[in-house]
Amino acid sequence: MLIRTHTCGELRDTHVGQTVNLSGWVNAYRDHGNLIFIDLRDRYGLTQLVFDPEDANEAGAANTGDKHAHTGMMGDADKLRNEDCIAVRGVVRIRRGGENPKLPTGKVEIVVQQLDVLSKTDNPPFLPDDNSTLPNEEIRLKHRYLDLRRPSMQKVLGTRSKAMQVIRNYFAGENRFLEVETPILYKSTPEGAREFLVPCRNMPGTFYALPQSPQLFKQILMMSGCDRYMQICRCFRDEDPRADRQPEFSQVDLEMSFVRRDQITEMMEGFVRRFWKEMCGYEVPTIQRMSYRDAMEDYGIDRPDTRYDLKIKDISTFAARTEFGVFKSVLEKGQDRPRFNSKRGVVKAMRVPGGADKLTRKITDGYSSLAQRFGAGGVAVVKVIKAEDGSPKLDTGIAKFLEPLKADFIREVGAQIGDTVLFVADTYAIATKAIGELRQQVARDMGMIPKPGAEGGPWNFLWVLDFPMFEKNKETGKWIAMHHPFTAPRDDQRDLFVNADVNDDDTLESIVSAGYDIVLNGSEIAGGSVRIHDRAVQAKVFQLLGLSPEQAKEKFSFLLEALSYGAPPHAGIAFGLDRLIMHICGTDNIRDVIAFPKTQIGADLMTRAPSKATDAQLKDLHVASTWVEKPS
RNA sequence: GGGGGCGUAGCUCAAUUGGUUAGAGUACCGGACUGUCGAUCCGGUGGUUGCGGGUUCGAGUCCCGUCGCCCUCGCCA
């Protein structure tokens with residue numbers, strides 16, 4: 001077998017005259033009878049091969065002494081088809097038919113003297129060609145080995161590989177983080193996401209769980225004196241996937257000892273700066289900070305996309321003065337400070353500059369159904385148009401209710417001629433969420449979202465800080481940790497926290513944690529917190545979350561014990577690696593940045609996992625299936 | 001679990017209001033061709049219209065069910 005001397009991406013006119021070996025796949029063939037061109041592809045590029053019996057004889061005769069050898073070679077070359085795997089030996093020369101400017105190797109070609117057909121192909125279901133229409137994703141996933149041959153997919157794999165190197169260099173290489181592997185077979189801790197369970201053969205009736213994250217291991221590592229920990233780890237959550245979510249995904253997991261919030265954010269900001277610099281040459285400016293409260297008030301979401309200037313305003317006080325029935329009934333129960341658990345109503349408004357022309361009736365009707373999906377009654381609309389005398393005039397929708405207060409309204413929302421103003425009125429939680437979702441849809445409809453890579457700050461990074469410690473579960477009415485139960489209260493909240501009563505909703509809702517997220521263009525790319533390192537504080541959290549001391553011990557005794565043997569103050573964060581790569585690659589499909597992703601029901605279409613277990617396997621594991629096949 | 005979209009040749013798509021033998025490009029097979037690079041030209045193979053049922057004189061098209069993929073709500077401490 002011919003062993004390659006070069007790759008298909010590197011030969012230039014400086015190599016002319018050299019005898020080289022190349023290996024790869026047939027990307028295209030152009031058969032002119034006695035003259036055959038092959039574009040040979042490998043990971044590195046394309047190189048044109050030419051099969052010409054006369055040239056091959058001239059060049060090859062000296063080497064082989066066998067003029068008849070090439071008849072067989074031409075016969076084989078004639079049969080080459082796309083995706084055959086071959087190796088060749090030949091001489092580099094300047095192309096006789098002129099340069100192909102589309103290829104880096106376009107000046108040269110290889111006059112083939114010897115052809116090894118390493119592996120013929122069956123007719124492939126599709127060609128891994130970036131120039132033609134992609135086959136549907138189902139076919140691509142089923143034949144992933146073909147899909148990954150595609151140059152664009154190779155590029156993604158390369159980007160991902162480089163990203164992991166940059167990550168390790170920065171943390172483990174330059175900042176003395178210790179890379180430690182943590183178990184995949186872990187203990188079930190049924191809070192949070194649904195877990196994957198693994199039966200334990202040696203202890204009948206018991207199960208491991210796959211970790212949702214190595215959260216407690218990394219904290220224990222801090223208590224073990226590891227000081228700075230990093231891991232590029234796999235996490236598992238048995239929840240329905242989305243375009244940007246997979247049941248198994250990768251995190252860049254980090255933890256530091258003897259730090260407070262500012263040391264962590266500084267270290268991570270340094271990482272983000274390095275990462276974007278090395279991955280795409282972008283200089284990340286100082287990352288702006290925003291409180292959770294401001295994010296929810298101004299953007300209606302805890303991960304605001306600040307690339308476009310659309311802000312939400314609470315106009316409840318103004319709205320109470322109108323005669324519009326929806327506003328009045330929502331506000332009837334009075335107002336108070338924004339609270340997610342409050343039944344009291346608010347009216348939120350969003351001014352859309354230039355919306356009067358672009359947001360047609362059809363579009364704004366769609367906004368009502370959008371808002372309804374989030375529990376709101378609908379979206380009220382008013383347009384600000386130009387009256388005959390040139391002054392602003394309110395038009396359509398709820399114009400007649402606002403007209404008596406026109407001047408105040410225009411001042412209140414800062415409206416200008418040509419604007420549309422959208423309103424959502426409901427309880428604080430519903431109105432906030434609905435208008436936050438609406439804001440994103442409006443930005444898309446108005447074409448306000450710049451394409452990544454475009455000039456003018458395509459990357460908008462943002463720290464979101466000061467999350468609430470707790471939120472109430474809508475179904476059970478129980479308090480749950482907003483981040484996770486190991487998140488510390490912010491330093492200045494400690495007294496408030498240790499004295500809090502589980503029944504004191506107002507206080508519990510108001511306690512602010514030492515958590516932080518990094519948001520990029522409206523997507524959460526990292527989240528973390530200062531952790532609790534005080535056993536009493538940890539016990540208090542468990543108590544507030546409704547865990548009895550016995551339950552807390554059963555689930556987290558190892559943590560509570562570790563905390564009682566001199567636990568250092570520590571804090572950490574985790575980046576979603578897949579999301580980072582998605583941003584760098586400019587895709588909104590997580591499957592595009594994972595070599596072997598799963599479908600929406602967690603299936604691997606290539607290997608056909610998951611699959612049935614045999615009775616013998618189940619017996620070994622002391623497990624029985626209750627599933628009954630439906631009659632067909 | 002809910003809502004929506006899609007499923008026709010290996011692949012990408014078309015097929016009028018429910019109406020003749022389901023077409024095209026590409027891939028594949030055969031032939032021609034010595035400078036192509038989306039090669040070209042000639043000819044050909046290829047279909048249980050995802051699957052099952054129903055309505056109808058007649059179903060790719062309409063209805064019901066089911067399977068698969070995608071988007072989304074719930075969910076994702």
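So you know, we letter chains A, B, ... as the sequences are listed, proteins then strands, and number each from 1.
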Which whole number of Å gives the distance between the C1' atom of B:G23 and that of B:G46? 13 Å
Pair of N/O donor and acceptor under 3.5 Å linking B:C28 base with A:N123 side chain: no
Nucleotide of B:G10, B:C70, B:U36 approaching A:Q48 most closely (side-chain heavy atoms): B:U36
When the P atoms of B:G60 and B:U66 are compared, how many Å lie between them, rounded to an integer? 23 Å
Quick one: label A:R591 by what it contacts on the DNA or RNA (base, sugar-phosphate, nothing), any heavy atom closer than 4.0 Å. sugar-phosphate
Given B:U12, B:U34, B:A77, the nucleotide with the shortest approach to the side chain of A:N34: B:U34
Can you tell me how far P in B:A15 sits from the matching atom in B:G50, rounded to whole Å? 15 Å
Per A:R373 side chain, nearest of listed nucleotides B:C37, B:U72, B:G68: B:U72
Take the protein atom CG of A:L80 and the nucleotide atom P of B:C37, then report the distance between them rounded to whole Å. 19 Å
How is A:L46 classified with respect to the nucleic acid when contacts are heavy atoms under 4.0 Å: base, sugar-phosphate, or nothing? nothing
A:F556 ring center within less than 6.0 Å of A:F486 ring center: yes
Re B:G68: Watson-Crick or G-U wobble partner, both distances kept under 3.5 Å, found to be B:C6
Rounded to the Å, how far apart are A:M469 CE and B:A77 C1'? 13 Å
Closer to the 5' end of RNA chain B via nearest nucleotide, is it A:I139 or A:R95? A:I139
Is A:R237 close enough to B:A77 that one of its side-chain N or O atoms is under 4.0 Å from OP1 or OP2 there? yes
For RNA chain B, what residues of residues 239-247 of chain A have any heavy atom nearer than 4.0 Å? A:E239, A:D240, A:R242, A:A243, A:R245
Between A:I94 and A:P125, just flag the one whose closest nucleotide in RNA chain B comes earlier from the 5' side. A:P125
Determine the interatomic distance between C1' on B:C62 and the same-named atom on B:G25; round to the nearest Å. 30 Å
For atom CG of A:D588, decide whether the heavy atoms of other residues, nucleotides or ligands shown that lie under 6.0 angstrom number more than 12. no
Selected nucleotide, minimal atom distance to A:H32 side chain, candidates B:U36, B:G38, B:C29: B:U36
Can you check whether any acceptor in the base of B:C75 is under 3.5 Å from a donor in the side chain of A:R194, or vice versa? no
Exceeds 12 heavy-atom contacts within 6.0 angstrom, atom NZ of A:K553: no
Given B:U12, B:A77, B:C73, the nucleotide with the shortest approach to the side chain of A:F374: B:C73
Students often get this wrong, so: under 4.0 angstrom with heavy atoms, is A:G98 touching a base, only sugar-phosphate, or nothing? base
Atom CZ of A:F126 and atom C1' of B:C13: how far apart are they, to the nearest Å? 18 Å
Rounded to whole Å, the CD-P distance (A:E471 to B:C76) equals 9 Å
Answer yes if the ring centres of A:F249 and A:F236 are under 6.0 angstrom apart, and no otherwise. no
Does this structure show an ion pair linking A:K142 with A:D604, if we count only N-O contacts that are shorter than 4.0 Å? no
Hey, is CZ on A:R12 packed in by over 12 heavy atoms from elsewhere, all under 6.0 Å? yes
Using a cut-off of less than 4.0 Å, is there contact between a side-chain N or O of A:N136 and OP1 or OP2 of B:C11? no
Re B:A24: Watson-Crick or G-U wobble partner, both distances kept under 3.5 Å, found to be B:U12
Judged by atom type as modelled, is there a donor-acceptor pair below 3.5 Å linking the side chain of A:R444 to the main-chain atoms of A:I449? no
Which part of the nucleic acid, if any, lies within reach of A:L103 when heavy atoms closer than 4.0 Å are counted: base, sugar-phosphate only, or nothing? nothing
Give a yes/no answer on whether the side chain of A:K433 brings an N or O atom under 4.0 Å of OP1 or OP2 in B:G74. yes
Taken to the nearest whole Å, CD/A:E437 to C1'/B:G74 is 13 Å
Pairing partner of B:A32 (Watson-Crick or G-U wobble, both distances under 3.5 Å): B:U40
Would you mind classifying the nucleic acid contact of A:L141 as base, sugar-phosphate or nothing, using non-hydrogen atoms under 4.0 angstrom? nothing
Residue A:A603, side-chain atoms from C-beta onward, closest of B:A27, B:C29, B:C69: B:C69
Evaluate whether atom NZ of A:K555 has more than 12 neighbouring non-hydrogen atoms of other residues, nucleotides or ligands under 6.0 angstrom away. yes
If you look at every strand shown and take non-hydrogen atoms under 4.0 Å, does A:R93 touch a base, only sugar-phosphate, or nothing? base
A:R140 has an atom CZ; how far is it from atom C1' of B:G10, in whole Å? 17 Å
Using the P atom in both, what is the distance from B:G4 to B:U40, to the nearest Å? 45 Å
Minimum-distance nucleotide (side-chain atoms of A:L127 versus B:A77, B:C37, B:A27): B:A27
When you check the gap from the basic side-chain N to the acidic O, do A:R531 and A:E255 get nearer than 4.0 Å? yes
Whole angstrom is fine here: how far is it from CZ in A:F37 over to P in B:C33? 16 Å
For A:S213, which contact category applies under a 4.0 Å heavy-atom criterion: base, sugar-phosphate, or nothing? base
Whether the side chain of A:E138 and the base of B:G7 hold a donor-acceptor pair under 3.5 Å is what I'd like checked. no
Let's see if you can work this out: which of B:C69, B:C37, B:U34 has an atom nearest to the side-chain heavy atoms of A:D39? B:C37
For nucleotides B:A24 and B:U8, find the distance between their C1' atoms and express it as a whole number of Å. 13 Å
Evaluate the criterion side chain to side chain donor-acceptor pair (under 3.5 Å) for residue pair A:Q538 and A:D534; output intermediate values, then yes/no. CA-CA 6 Å; A:Q538 187 64 68; A:D534 179 318; over 6 Å; no
Restricting to non-hydrogen atoms, name the atom on A:D253 and the atom on A:K218 that form the minimum distance, rounded to 0.1 Å. OD1-NZ, 2.8 Å
Quick check on A:F207: does its CZ atom have over 12 non-hydrogen neighbours (other residues, nucleotides or ligands) under 6.0 Å away? yes
Here the distance between atom C1' of B:U12 and atom CG of A:N131, to the nearest Å, is 15 Å
Are OP1 or OP2 of B:A27 and a side-chain N or O of A:Y29 less than 4.0 angstrom apart? no
Compare side-chain N and O positions of A:Q600 against OP1 and OP2 of B:C71 and report whether any pair is under 4.0 Å apart. yes
P spacing across the pair B:U61 / B:U56, given as an integer number of angstrom: 16 Å
Distance below 4.0 Å between A:K79 side-chain N/O and B:C29 OP1 or OP2: no
Would you mind classifying the nucleic acid contact of A:I36 as base, sugar-phosphate or nothing, using non-hydrogen atoms under 4.0 angstrom? nothing
For the P atoms, the ones on B:G74 and on B:A14, what distance do you get once it is rounded to whole angstrom? 33 Å
Distance below 4.0 Å between A:R30 side-chain N/O and B:U36 OP1 or OP2: no
